[in-house]
K.L.:
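Structure below; questions to follow.
Just so we're on the same page: letters track the sequence lines, and every chain starts at 1. All of these numbers come straight from a predicted model, not from anything done at the bench.
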Amino acid sequence: MSALFLRDATVRRGGQTVLDSASLAVEPGEVVGVVGPNGAGKTTLLRAALGLARLDAGRAELAGRDVARLTDPERARLAAYLPQARHVGWNMAAGRVASLGAFHLPAAAARAAAAAALARVGMSGLEDRGVLEMSGGERARVLLARLLVTGAPLLIADEPAAGLDPDAQLLALELFREEAARGAAVVLTLHDLGLAARFCDRLAVLSGGRVVAAGPAAEALQPDILGQAFSLDGRLEPTPDGPILIARRRGGWS
Amino acid sequence: MRPLALNLLLSVAILALMAAGLALGEVQLTGTQIAQGFADPASAPHEILFDIRLPRTAAALVVGAALGLAGAVMQGLLRNPLADPSVLGVSGGAGLGAALAITASLAGVPGAIEAAALGAALLVGVLLTWLAARFREPETLILFGVAFSAFLGAMTSLVFNFSPSPVTLAEVFSWLLGSVANRDWDDIVRQLPALVVGTGLCLYAARGLVMLTLGEETASLSGLPMTRLRAAAVAGASLLTGASVAMAGIVGFVGLAAPHLVRAGSGGDPGRVLLPSALAGAVLLAAADIAARIIPTDLELKLGVVTALFGAPLFALIAWRAARSWTG
């Protein structure tokens with residue numbers, strides 16, 4: 001049974017179709033990247049899958065159940081979400097923020113889980129630091145730790161690499177691979193196509209709200225798709241360390 | 001400061017203010033008279049201490065605690081440090097209810113003004129609770145609240161406009177400016193059910209307030225029943241605010257300033273800030289009431305005037321310090 005399943009999902013907003021008959025299935029143990037230019041509908045696809053954006057047509061399921069019919073606790077047991085906005089309302093300690101991923105556990109167990117997750121994201125010993133006193137990248141790591149603390153069978157992260165330094169980007173993606181290895185299904189939106197190609201088992205390419213290509217990176221990021229979806233002239237170049245993207249803007253500087 | 005130490009310190013301050021509330025007032029009592037008041041239930045000092053000053057001090061503490069708690073809940077719910085119990089129009093509703101009751105010559109009926117104030121606050125609270133369950137974004141709730149406040153303020157002005165006599169007008173004004181003078185135990189007991197239920201709802205909502213720190217969407221996916229918790233927060237804060245206004249009129253700044261005073265000591269956590277906010281609110285209002293009693297003026301200063309006069313500079317100081325810490 002797919003951890004996440006979208007069939008012909010359509011979302012309209014203000015007279016515009018922002019997600020247009022999108023279909024996607026994500027299985028336990030795999031990392032799926034959702035890529036596409038700004039405004040392609042990536043965040044809407046994630047929100048639709050989670051029941052945060054109402055579908056005008058189509059179907060969204062988590063673990064085989066209609067997401068619109070799940071109660072809040074049921075949905076939380078099936079999926080956890082890291083939104084793109086890294087906003088935290090108050091200057092709470094990093095350990096406390098991370099522990100919110102396990103609020104249902106006894107306080108000591110939640111604290112321990114938070115400390116372990118903060119260590120995984122490279123923030124060991126910073127449990128007591130206020131998150132509003134941190135840099136944007138550090139705060140993003142704390143919020144990633146909260147996502148990991150949930151231990152949910154489906155992890156959905158919107159731009160988890162945004163605002164992170166190169167080392168932290170690689171660390172974040174390695175952590176998602178670790179989560180997939182423990183059996184979780186992982187869905188990420190990413191702008192760095194090189195990272196997406198290297199760390200994701202499959203990619204779904206969105207353009208104008210439609211899934212225009214899906215599959216392993218070598219198939220989904222064919223030169224014609226790069227041109228159609230991203231207006232790029234380019235190709236994926238295999239290297240011993242994984243594929244890298246070589247591209248330039250159409251008609252741009254070469 | 002650790003949260004436990006902060007709560008202990010505030011509790012000690014409350015005890016000190018209770019003692020001061022008994023010792024200070026219009027009539028100066030000597031040590032002997034105070035001792036007599038404690039020893040002899042039939043004495044005049046006993047009446048002053050236990051029938052006038054103690055219920056008045058208790059009313060100040062209860063109203064302050066309710067406003068501090070309601071303010072902390074509103075700030076947590078709306079994730080806005082400028083929110084206070086009046087921001088959604090509940091105080092305005094209670095004020096209008098009281099103004100209507102006074103102009104309808106109900107002042108002679110015991111508890112009538114208070115009942116009208118609480119009833120009107122509950123009406124606004126019910127409407128807000130419905131809106132809070134329907135709309136997730138705090139901005140929406142704030143905009144509705146601003147509209148309610150403006151409308152209810154205009155309605156209260158209309159009551160002034162059609163006031164049958166200048167005496168009634170003065171009565172309404174005097175009531176709206178806030179006071180706990182001449183409150184007796186009955187006045188407190190009448191508001192207890194609203195205060196107890198309101199406090200219970202606010203404490204129930206605390207987990208939701210903490211989760212809202214991460215934003216609406218993360219909170220709604222956390223597994224907590226956020227719609228219910230948000231509604232409980234609005235209903236609880238409305239009950240506390242309505243009961244406070246019913247007991248003491250409209251008293252500003254306490255609900256706004258109390259959570260700010262204790263936020264750093266509570267680790268910024270909007271759940272853990274609730275108890276110290278209530279304690280700090282009690283301290284602020286009891287202190288303001290004592291100030292109102294002992295500042296030598298022909299007519300005793302109104303509580304709302306004192307809290308604004310002293311609260312505004314204090315609040316500016318808090319804002320100054322907070323801004324300095326943010327900019328490093």
K.L.:
Who among B/Arg136, B/Arg263, B/Arg79 has the most heavy-atom pairs with chain A under 4.5 Å?
P.N.:
B/Arg263

K.L.:
Say whether A/Asn91 and A/Glu133, considering side chains only, have a donor N or O and an acceptor N or O under 3.5 Å apart.
P.N.:
yes

K.L.:
With a 4.5 angstrom heavy-atom cut-off, could you sort out which part of A/Arg146 is near chain B: side chain, backbone, both or neither?
P.N.:
side chain

K.L.:
Is B/Glu216 close to chain A through its backbone or its side chain, or both, or neither, when contacts mean heavy atoms under 4.5 Å?
P.N.:
neither

K.L.:
Below 4.5 Å from any heavy atom of chain B, which atoms of A/Leu82 appear? Answer side chain, backbone, both or neither.
P.N.:
neither

K.L.:
Do A/Asp201 side-chain atoms and A/Val31 backbone N/O form a donor-acceptor pair below 3.5 Å?
P.N.:
yes

K.L.:
May I ask you to check whether B/Phe144 and B/Phe135 place their ring centers less than 6.0 Å from one another?
P.N.:
yes

K.L.:
Is any NZ, NE, NH1 or NH2 atom of the basic residue among A/Glu178 and A/Arg120 found under 4.0 Å from an Asp or Glu carboxylate oxygen of the other?
P.N.:
yes

K.L.:
Let me know if B/Leu212 has heavy atoms under 4.5 Å from chain A in its side chain, its backbone, both or neither.
P.N.:
neither

K.L.:
Salt-bridged, A/Glu74 to A/Arg65, with N to O below 4.0 Å?
P.N.:
yes

K.L.:
Counting only heavy atoms closer than 4.5 Å, note whether B/Val273 contacts chain A via side chain, backbone, both or neither.
P.N.:
neither

K.L.:
At a 4.5 Å cut-off on heavy atoms, which part of A/Arg86 comes close to chain B: side chain, backbone, both, or neither?
P.N.:
neither

K.L.:
Output yes when A/Arg13 and A/Asp56 qualify as a salt bridge under the 4.0 Å nitrogen-oxygen rule, no when they do not.
P.N.:
no

